[in-house]
Amino acid sequence: MDAEPKRTKSSAKRVAKSLEVHSLIAVIFGALIYILAVTGTLSVFNHDLQRWEQPDAPEMQSVSPEAAEKAALAVFSSEAKPTTHLYVNFPKPDVPRTVITTDTQAFFANQDGTIAGKESFPWTQFLLDLHYYLHMPQILGLTVVGALGVMLLGLSISGLLAHPRIFRDAFTFRKGAGRLTKVDLHNRLSVWTLPFHFSNALTGAILGLASILAFAIAAAGFDNDTEAVFSPVFGGEPVINEAVAPVAAIAKPLRYMADNFPHLNVAYFILHDPGTAGQHVQVIAEHPDRLIFGDYYNFDAAGNYQGNTGISDGTAGQQITGAVYNVHFGNWGGLPVKLAYLIFGIALCTIIASGLSIYFAKRRSSGKPAPRLEAAWSAVIWGTPVMLIVTLAAALTGQITGIGLVAMFWIGLLLSIATALSLGKELVVTGGQLSILTGLTAVLVIYVGRYGYDGIKGAGWPLVVLLTLGSVLMAAYLFRKWKAKRMAVIHS
Amino acid sequence: MIEMIWTLLGVVTAIGSVGLLYAAWSKRSRSRQLILGGWFLATVSLVSWSQTSGVDKGPAKAIVAFILIVLTVLAVLAYRSPVKQRRNIEREPAQAIEVRSGLKIWAMRSYNFILLLLVSGLAAMSISTAAFMVGRAFGAEHTANLTVSMFLFPILWAIFSVVTGYASRPLVKSAVLCALALVPALLIPALQ
């Protein structure tokens with residue numbers, strides 16, 4: 001009999017402590033994790049966004065090896081300073097375009113191999129840099145983002161420990177019950193989308209922290225040679241030989257891939273150190289039935305096949321490592337999986353937003369309100385999508401790119417927080433919602449003004465439809481909110 | 001055609017699984033048959049989806065499909081659940097409690113932050129690196145060894161962060177974390 005009360009007491013203590021840890025991690029890191037969740041959800045569609053930003057680029061389902069070679073050589077010969085890498089990006093279902101990329105520039109190619117124009121997607125690049133690095137210098141940014149992935153893992157672990165009724169409440173949802181509704185929303189979404197947000201946090205942390213772990217392992221066991229750490233997985237770089245040589249064969253390896261691996265989708269052609277005696281060729285081909293990003297198929301300068309690296313059929317370690325990127329970004333199952341990741345990503349954003357909302361509500365009811373912190377948090381929740389829309393509109397004008405967009409986003413977000421601290425939560429929430437509606441409308445007007453009917457009917461139409469739908473839904477929501485408030489005022 | 005049949009079977013059994021688990025949850029008394037039936041169908045769904053694609057992609061599709069079906073059920077339940085009349089208890093607004101502040105409190109919070117983020121991370125990196133070196137010393141294959149370390153590092157860091165926040169005695173947790181960071185690091189030269 002004595003054992004029961006003791007067990008209940010220690011269990012309640014464990015739950016209380018776990019909740020304390022859960023709140024602590026959320027309060028400290030929640031804002032940055034939220035920004036990563038929003039940008040990550042959008043990044044799933046980065047290929048579609050690239051297409052939308054340049055709707056008039058030439059599109060094709062495939063390009064011949066000879067045309068690809070012609071385009072690649074044209075770009076290579078136009079380089080003022082010799083490039084160390086020459087890439088051909090082949091058409092894919094979500095971005096049916098051929099792009100030739102060097103260290104410093106990128107060009108679209110027509111289906112006949114002629115060059116069509118420069119590739120430029122400043123806002124999508126800004127979005128990806130925000131998600132990968134939080135706009136910090138690369139290794140530092142990757143490490144910080146990786147650490148935030150770890151904190152999201154910590155939130156999942158502490159959240160599970162703080163949820164003793166996980167089975168009893170499996171399908172509970174109390175509607176119209178204020179804070180209880182938010183608690184149910186937070187808990188149900190957290191538990192049932194756990195496979196997604198746990199695996200995404202873990203893969204994100206692995207991707208972000210791989211560099212510093214490689215430094216540590218290299219220092220411990222490989223005389224600080226970080227290449228020796230990863231080369232058994234991804235293949236090593238061959239010896240550099242800078243003596244001048246004719247550019248390696250491009251069409252021949254591609255023809256070999258088409259003849260010998262017709263079931264694979266050639267995604268990239270990479271020529272390392274082109275025009276030198278040490279040059280070598282890799283073709284990345286996707287395996288449609290696997291989670292891996294693809295495998296490297298290696299060729300010498302004459303175009304003779306040397307074998308694959310083993311991401312698809314090598315060691316278990318190679319195959320698991322090869323799957324990490326695709327599992328994180330959701331580009332392993334076409335549009336259905338991307339849409340699923342969109343739903344799961346929105347769920348994660350909702351979990352984060354509702355979690356801290358519950359925290360502040362609890363503080364208010366226990367006599368420890370934090371109105372300024374709560375207002376600042378609301379500014380992050382609404383300010384992040386607002387500033388993403390504002391930067392999108394700015395990028396679409398063609399006048400602001402690169403560092404301008406970065407400055408605009410962070411200064412805008414800080415100003416939102418400063419405004420919230422002085423004006424309070426309610427104004428920020430309403431202002432944020434109105435700004436989203438205005439911003440979405442402005443984006444549509446600028447886009448149609450710039451690209452006209454060609455932008456809507458071509459590659460741009462899916463996102464134009466989505467933006468229009470978003471604007472209509474936000475307008476309807478704001479109207480309903482205003483009507484409810486008006487009715488409340490009349491009745492009182 | 002075969003793939004479509006397996007996909008359909010995967011979807012149907014996933015729906016059946018969620019249905020049975022919901023039925024088990026709805027019953028007042030615990031029903032072992034419904035629970036076992038639900039998880040059995042979930043397993044059948046996983047096996048069916050595995051036939052539609054490669055060894056890794058098939059199960060991934062199964063998990064995605066299962067979560068989507070559950071979210072759909074939750075959305076329907078949320079829409080259909082009635083708004084219950086709740087007791088309208090007149091509550092006095094809670095007395096604002098003076099929150100402790102001051103240099104000592106902020107110093108403690110900053111110290112906990114450093115432990116939670118940085119020292120936990122160092123401890124996790126130290127152990128993951130040492131684990132790699134131990135694996136190498138025992139002849140473990142390089143890529144498997146590296147993969148284990150790559151997964152171990154963030155998971156350990158997350159666990160240490162949670163435990164750091166959980167534990168209340170600052171001296172004890174500081175000592176433990178520092179030991180976890182230093183001891184493996186000191187062992188590494190012996191493993192080279």
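Naming: A, B, ... by sequence-line order, numbering from 1 per chain.
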**Complete:** One option among L116(B), N145(B), V148(B) has the most heavy-atom pairs under 4.5 Å with chain A, and it is L116(B)
**Message:** If I measure from the heavy atoms of chain B, does D184(A) come under 4.5 Å with its side chain, its backbone, both, or neither?
**Reply:** neither
**Request:** May I ask you to name which of L21(B), T147(B), I188(B), V162(B) has the most heavy-atom pairs under 4.5 Å with chain A?
**Result:** V162(B)
**Request:** Please report the shortest heavy-atom distance between P232(A) and H142(B), naming the atom on each side.
**Result:** CG-CD2, 3.4 Å
**Heavy-atom proximity to chain B below 4.5 Å, by part of A347(A)** = neither
**Request:** Write down the atom of L24(A), the atom of G165(B), and the distance for their closest heavy-atom approach.
**Result:** CD2-CA, 4.4 Å
**Prompt:** Do other residues, nucleotides or ligands put more than 12 heavy atoms under 6.0 Å from R179(A) CZ?
**Reply:** yes
**Message:** If we define contacts as heavy-atom pairs under 4.5 Å, which of L117(B), I159(B), T164(B) has the most with chain A?
**Reply:** L117(B)
**Prompt:** Of all of S126(B), A144(B), G121(B), S81(B), which one pairs up most often with chain A through heavy atoms under 4.5 Å apart?
**Reply:** S81(B)
**Prompt:** Top residue by heavy-atom pair count (under 4.5 Å) with chain B, among A323(A), A219(A), S18(A)?
**Reply:** S18(A)
**Fill in**
A220(A) and M133(B) have their tightest heavy-atom pair at O-CE, 3.6 Å
**Prompt:** Relative to the ring of F132(B), is the ring of F222(A) parallel (under 30°), tilted (30 to 60°) or perpendicular (over 60°)?
**Reply:** tilted
**Residue A147(A) versus chain B: region with a heavy atom under 4.5 Å** = both
**Asked** Side chain, backbone, both or neither: which part of T52(B) has an atom under 4.5 Å from a heavy atom of chain A?
**Response** neither
**CD1-CG distance between I67(B) and L189(A), expressed to the nearest 0.5 angstrom** = 11.5 Å
**Prompt:** chain A heavy atoms under 4.5 Å from V163(B): which part of the residue, side chain, backbone, both or neither?
**Reply:** neither
**Asked** Which atoms of F113(B) come close to chain A, meaning under 4.5 Å heavy atom to heavy atom: side chain ones, backbone ones, both, or neither?
**Response** side chain
**Asked** Who among E20(A), R168(A), H22(A) has the most heavy-atom pairs with chain B under 4.5 Å?
**Response** R168(A)
**Request:** Using non-hydrogen atoms and a 4.5 Å limit, figure out which bit of L71(B) sits close to chain A: side chain, backbone, both or neither.
**Result:** side chain
**Asked** Does any heavy atom of chain B fall under 4.5 Å from the side chain of A16(A), the backbone, both, or neither of them?
**Response** neither
**Prompt:** What residue, out of I157(A), V150(A), I25(A), has the most heavy-atom pairs lying under 4.5 Å from chain B?
**Reply:** V150(A)
**Asked** Between V337(A), V229(A), I343(A), which shows the greatest number of heavy-atom pairs under 4.5 Å with chain B?
**Response** V229(A)
**Message:** Let's test your reading of the structure: which of T203(A), I217(A), L153(A), L161(A) forms the most heavy-atom pairs below 4.5 Å with chain B?
**Reply:** I217(A)
**Message:** Using modelled atom types and a 3.5 Å cut-off, is there a donor and acceptor pairing between side-chain atoms of K175(A) and backbone atoms of R80(B)?
**Reply:** no
**Asked** Shortest non-hydrogen contact from A205(A) to P154(B)?
**Response** CB-CB, 3.6 Å
**Prompt:** Does the side chain of W25(B) come within less than 4.5 Å of T172(A)'s, by heavy atoms?
**Reply:** yes
**Request:** Would you please test V70(B) and W192(A) for side chain to side chain contact (heavy atoms under 4.5 Å, CB included) and show each step?
**Result:** CA-CA 7 Å; V70(B) 169; W192(A) 287 111; 3.3 Å; yes
**Asked** If we only count heavy atoms from C-beta on, is the I35(B) to F167(A) side-chain gap below 4.5 Å?
**Response** no
**Asked** Which atom pair, heavy atoms only, marks the closest approach of M125(B) to I212(A)?
**Response** SD-O, 3.9 Å
**Asked** Could you walk me through whether F153(B) and I206(A) pass the side chain to side chain contact (heavy atoms under 4.5 Å, CB included) check?
**Response** CA-CA 8 Å; F153(B) 180 21; I206(A) 289 170; over 6 Å; no
**Item:** chain B contact via A316(A) - which portion, at a heavy-atom distance below 4.5 Å
**Value:** neither
**Request:** Working to the nearest 0.5 Å, report the span between OG1 of T193(A) and CD1 of I63(B).
**Result:** 13.0 Å
**Item:** Contacting moiety of V64(B), where chain A heavy atoms sit under 4.5 Å
**Value:** both
**Fill in**
So, the part of M150(B) with a heavy atom under 4.5 Å from chain A: the answer is both
**Message:** How close do R290(A) and G54(B) get, counting heavy atoms only, and between which atoms?
**Reply:** CD-CA, 4.5 Å
**Prompt:** For P336(A), is it the side chain, the backbone, both or neither that has a heavy atom under 4.5 Å from a heavy atom of chain B?
**Reply:** neither
**Pick from L185(A), N326(A), L209(A), D289(A) with the largest number of heavy-atom pairs that fall under 4.5 Å of chain B** = D289(A)
**Prompt:** CG of L146(B) to CZ of F230(A): how many Å apart, nearest 0.5 Å?
**Reply:** 5.0 Å
**Prompt:** F173(A) versus L74(B): any side-chain heavy-atom pair under 4.5 Å?
**Reply:** no
**Prompt:** Side chains of W332(A) and D56(B): closer than 4.5 Å at any heavy-atom pair?
**Reply:** no
**Request:** Name the region of Y166(B), side chain, backbone, both or neither, that has any atom closer than 4.5 Å to a heavy atom of chain A.
**Result:** both
**Request:** Determine whether more than 12 heavy atoms belonging to other residues, nucleotides or ligands lie under 6.0 Å from atom NZ of K338(A).
**Result:** yes
